> 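One structure, as structure tokens, below. Some questions next.
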Amino acid sequence: SSAASDVYKRQGSVRVRTPTEVELIGCVTLDSAELYLGMGLAVMSGKGVEQLKQVVGVRTPNVVIVDEPFEVLPDDTSVVALTLYRKHVTVAGNTFKTALHDVMFW
């Protein structure tokens with residue numbers, strides 16, 4: 001598969017089980033559950049938008065535990081993405097469109 005299609009497979013929705021445990025729906029299932037550890041779970045749109053949590057545990061290949069409770073629980077209107085976890089980064093005055101890879105700073 002192409003890199004572009006792999007990126008879109010990392011998007012999907014969630015079913016919240018507890019404020020820190022979510023079931024991934026429609027996201028790519030990684031070969032090993034341990035590969036989720038350390039990744040970011042970002043709420044891209046819908047209820048709970050703009051929240052970023054770090055995956056710190058895995059119950060099953062599609063149920064993950066995040067580092068802290070969601071302030072606003074995502075629901076069936078929410079779209080989430082699995083991504084590299086980066087927190088406390090500020091980018092101002094820029095527009096990102098159709099980026100296939102994360103932005104890198106050095």
Side-chain angles (χ1 to χ4, degrees):
S1 67
S2 71
S5 65
D6 287 345
V7 168
Y8 294 113
K9 288 178 187 172
R10 291 193 179 108
Q11 292 183 1
S13 60
V14 293
R15 181 174 298 119
V16 176
R17 293 177 165 208
T18 72
T20 59
E21 185 177 293
V22 296
E23 179 181 353
L24 305 172
I25 301 168
C27 293
V28 65
T29 301
L30 301 177
D31 293 335
S32 170
E34 289 77 31
L35 293 175
Y36 286 114
L37 296 176
M39 292 184 80
L41 182 66
V43 183
M44 307 300 290
S45 66
K47 190 171 179 186
V49 69
E50 296 184 4
Q51 294 183 86
L52 174 65
K53 304 298 178 190
Q54 186 173 25
V55 176
V56 295
V58 178
R59 294 240 187 269
T60 69
N62 65 332
V63 176
V64 297
I65 301 165
V66 294
D67 60 337
E68 53 189 37
F70 286 96
E71 291 81 19
V72 176
L73 294 177
D75 65 12
D76 59 355
T77 68
S78 306
V79 174
V80 299
L82 287 166
T83 185
L84 293 176
Y85 181 76
R86 292 193 173 91
K87 199 167 185 178
H88 306 298
V89 174
T90 302
V91 178
N94 293 280
T95 301
F96 295 89
K97 294 182 181 180
T98 319
L100 295 179
H101 300 284
D102 290 325
V103 176
M104 299 184 79
F105 298 92
W106 67 91

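Note that the coordinates shown come from a computational prediction; the quantities given were computed from them, not determined experimentally.
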> Answer yes if Ile25 and Val80 sit in the same cluster of Ile, Leu, Val, Met, Phe, Trp and Tyr residues linked by side chain heavy atoms under 4.5 Å apart, and no otherwise.
no
> Can you find a heavy atom in the side chain of Val14 that is under 4.5 Å from one in the side chain of Phe70?
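Counting from C-beta outward, Val14 and Phe70 never come under 4.5 Å.
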> Same hydrophobic cluster for Val43 and Val72, using side-chain heavy-atom links shorter than 4.5 Å among ILVMFWY?
no
> Could you check whether any side-chain N or O of Thr77 sits under 3.5 Å from a backbone N or O of Lys47, counting only pairs where one atom can act as donor and the other as acceptor?
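Checked: pair present.
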> Quick one: pull up CD in Glu71 and CD in Glu50 and give me the separation to the nearest 0.5 Å.
11.5 Å
> Scan Leu73, Asp76, Asp75 and name whichever one has a side chain to side chain contact (heavy atoms under 4.5 Å, CB included) with Val16.
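In the set Leu73, Asp76, Asp75, the residue that makes a side chain to side chain contact (heavy atoms under 4.5 Å, CB included) with Val16 is Leu73.
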> Locate the shortest heavy-atom distance separating Val66 from Pro19; write the atom from each residue and the value.
CG2-O, 4.4 Å
> Out of curiosity, does Val22 fall in the hydrophobic cluster containing Val49 (side-chain heavy atoms, cut-off under 4.5 Å, transitive links)?
no
> Out of curiosity, Tyr36 OH to Asn62 CG, how far, rounded to the nearest 0.5 Å?
7.0 Å
> Search all heavy atoms of Tyr85 against all heavy atoms of Met39 and return the closest pair with its distance.
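Shortest heavy-atom contact: CB-C, 3.9 Å.
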> Identify the residue among Leu24, Thr83, Leu52, Asp67 that makes a side chain to side chain contact (heavy atoms under 4.5 Å, CB included) with Leu41.
Leu24
> Rounded to the nearest 0.5 Å, what separates atom CD in Glu23 from atom OG in Ser13?
9.0 Å
